[in-house]
Amino acid sequence: MKVRTIFGVVLALSAAAPASAAPVRRFALLLGNNRGGPETEPLRYAEADAKKVQAVLRELGGYQGQDVVLLAGAPADEALTALTALEARVAAAKAAGARTSLLIYYSGHAKVGDLLMGPSRLDMGLVREHLKRSAADIKIGIIDACESGALTRAKGGRRGPSFLYDTDDREATQGLILISSSSENESSQESDELGGSFFTHYLTSGLRGDADDSGDSRVTLGEVYEYTYHKTVAVTASTRSGVQHPTYSYDLAGQGDIVLTDLSKGQAGLLFGPELEGRYLVFDLGREQVAAEISKAAGEARSIALPAGEYAVKKRMQDHLRMVRLSLGEHGAVPVLESRMERVAFEDDYAKGPILRAELERRRRRLSLEAQVVYQGFLSGAARRELFPALPLFGATGRIGPMLGGAYLSLDLLFGSRRGLVLDLGALALSQDFFETQVAGSLMWRFGGSIVQFGVGPRLAALYMRRSFPFDPDLKTQDMLGLSPAGATELMFFVGPGGHVVLSAFGRAGLLLYSVDDNRALAYAEGGLTVGYRP
Amino acid sequence: MKWKLACVALAVPLAACNAPFSNDEILFLKAAPRGLRIEVPDEQGVQHQGLRVAQSDERTPARFYQDTLRSAQEANDGILSLLDMVDALVVLEPSVREDDKRVWGPLPASEAAELALVVTRVRTATVVQFTSTSTPAEADQYFEFYMAARPPGTGDDAWVVLFGGTSLPQTSNRQGTGVLAVDFDNFRRFDPTIDAAGLVYVAYDTRFEQTAIDLAIDVVRQGPFMAKAAWAYRDDGEGGGRFVYYLIEDLVPTTPAEEILGIAARWLPTGRGRADVVVTEGDVPTFYLASECWNDAFERVYLASSIPTPDFTPSGEVSACGPDLLSPQFPDD
């Protein structure tokens, strides 16, 4: 509401103010860095977000190719060097008489006022100072990072009239505006479904047309900020990390709003007619990423500008998706028709980004069946001599997962036997045949990639042991059934085409509770190999 | 039975259906001696080895061999067969399972008696040597056992011990060493037809694939150790053996005085053997000595007698005994 009020005032003022402006030359430095150095988990989409912004600025924002500098994964000193060089070019353009704008966009980690760029840090205050000192007429800083509200705090700007650039005859607007994706103590979140951060996703969707509330085919800073703010707050309210509030500050002079994208510059696009209602995701099949999102009510038409390519539009229903494939040429708007959308099951969603696809693949419950060979030995020499001899076991292992909190459930069925062993009871020595059956279940949590994974987890085995004395007719066959808790580790390899062949080496340590002659917890160890197939 | 049926029906090895997985179960089961036998070769036994030599009608059966065989059979069928009572009990599940004790029974054995076998473990390090020729054995525990009987339906106070002793089980197939005493006076309380009396002591050692059995018969209960008869049996584990027995009895009816008879018999795996006999005391003022050799068909091939009689007329040459059996070994040797 606050945002709407402020920008509403700005727009109201701008409507009454005359302005005249020369054509603007626009410069942008776009920074994306997935890595934030020690103590941070790598991001998945920060660098992709910067590329999305680059695309929309070039296609719809009037930015010339050479004036947009994109640095993906660059350290702080490289970013500062690029900024300094870009400022020089801004100053040169300004000296040549052009009106100029400079936009700095950053997507990545941030903490305690610093942008974390790999192992290096860049002070947000320094970025702000660079923007303030820049010769550009319009300076925009957008930080999509955790705790990025540090950029906008203590700004001291005023609530002045909005500004426009070369859009009408009102007085050209000048000054600085800073936007952050979250407040000072909030996290900025990514979405696997969207293939990017929530904030940048809505920023670019809005710039592509979904924020064009006025329907004038131009998306202003006020429109896109308000759109991005509300979408981000609404969507992140239900996430595990909590709601995320974008913030802004400004120091502007002049009148008119700042137009960031002109949809008429896009030569192709999708047209969502009045009959459509709801939230639609537009997926760029060629780039394997979400290109835009449209949320609309029935009765209004909405268009978004997109480059030529293959797209899928999908709408999430309660228990399925509705999807349609569309091909965009170089020119013209293609309508999205409800009647052409088909029902698609969630698992058959063909519009997923590679990371999400990999993640879903990782989460996909899979069954494997493996042959197993294992050698079992009790740690106590007395236990081996008098009760349970060392034994090779053979059998099968079935695994299914992930399930139960990401764990894999394994079931082992093993058999082993040895003949002619000596049962050494000190004064009494006997020849025995020994047999063991083991039925075990384990829950293994796995870590690692798609080829090599390390697993660890608990195991519970039921052990049936039987010994007979073929050369001693006086003695009956003896047997016991015991429960054995154990811990297990495994190193798994998924090899071959599609990773269908499973190889693993494992080790286990367990206790067998023996309570016949006396009560003892006998420790044993097992090691072995498996080889099998995973469909 | 239902449990057993369930095991069979399931046909999976997931239920413990057999005896407990217990070393103690084995040790206690092995504690009481079983299957002791004096194995003197006979015609059938040697035939089984394929060594039988055709017997000619002109030959004379070896008299002392037959005495030896008969004495061994009497020991097997008499005293040692009593140990078969152990077999009858230990096929049952123990009625008492304690850390150091097992009890099998009571088992109704006849209208006159029910039986119980009690085995206790003594956790004391010891060195045992039960027969005169046993290799001493070190053990950190040994077992005591006794077979008891009582009239059916009576209380615990009615139990009397039929036989009991001490043992050290070792290796498989009923091997071990131990000593036991059989109380025939107590046996007669349940079976008056038994004509034996007093105590019989049996020491045995069946370790190392060899067998040594010493028996002392009709031992006087009090006073110095006296026996009316004694056996000592040794086999070499390869078919050869030695059997010595003494008998105190009125063998020469001239006067009621008792003579002492001693026979020392030894044989080779083929069955060929030699017996050396001594009779003294009573109506034999000096020694009567005799030696007999027999061939693989248990026919006399040599006889020497210090007092020739119609039954014991010297015959043959000592060389017919064969090189291993040329020298006499009288019981006192």
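Below, chains carry the letters A, B, ... as their sequence lines are ordered, and counting in each starts from 1.
Between K476(A) and L92(B), the shortest heavy-atom contact is NZ-O, 4.3 Å. Contact record, F21(B) with F388(A): CE2-CE2, 3.4 Å, taken as the closest heavy-atom pair.
Residue Y524(A) places its OH atom among more than 12 non-hydrogen atoms of other residues, nucleotides or ligands, all under 6.0 Å distant. Within a 6.0 Å radius of CD in E138(B), other residues, nucleotides and ligands contribute 12 heavy atoms or fewer.
Using a 4.5 Å heavy-atom threshold, the side chains of L423(A) and N23(B) count as touching.
Distance check: K30(B) NZ to L475(A) CG gives 4.5 Å after rounding to the nearest 0.5 Å.
I26(B) pairs in a side-chain contact (heavy atoms from CB on, under 4.5 Å) with only one of the listed residues (D472(A), L430(A), D474(A)), which is L430(A).
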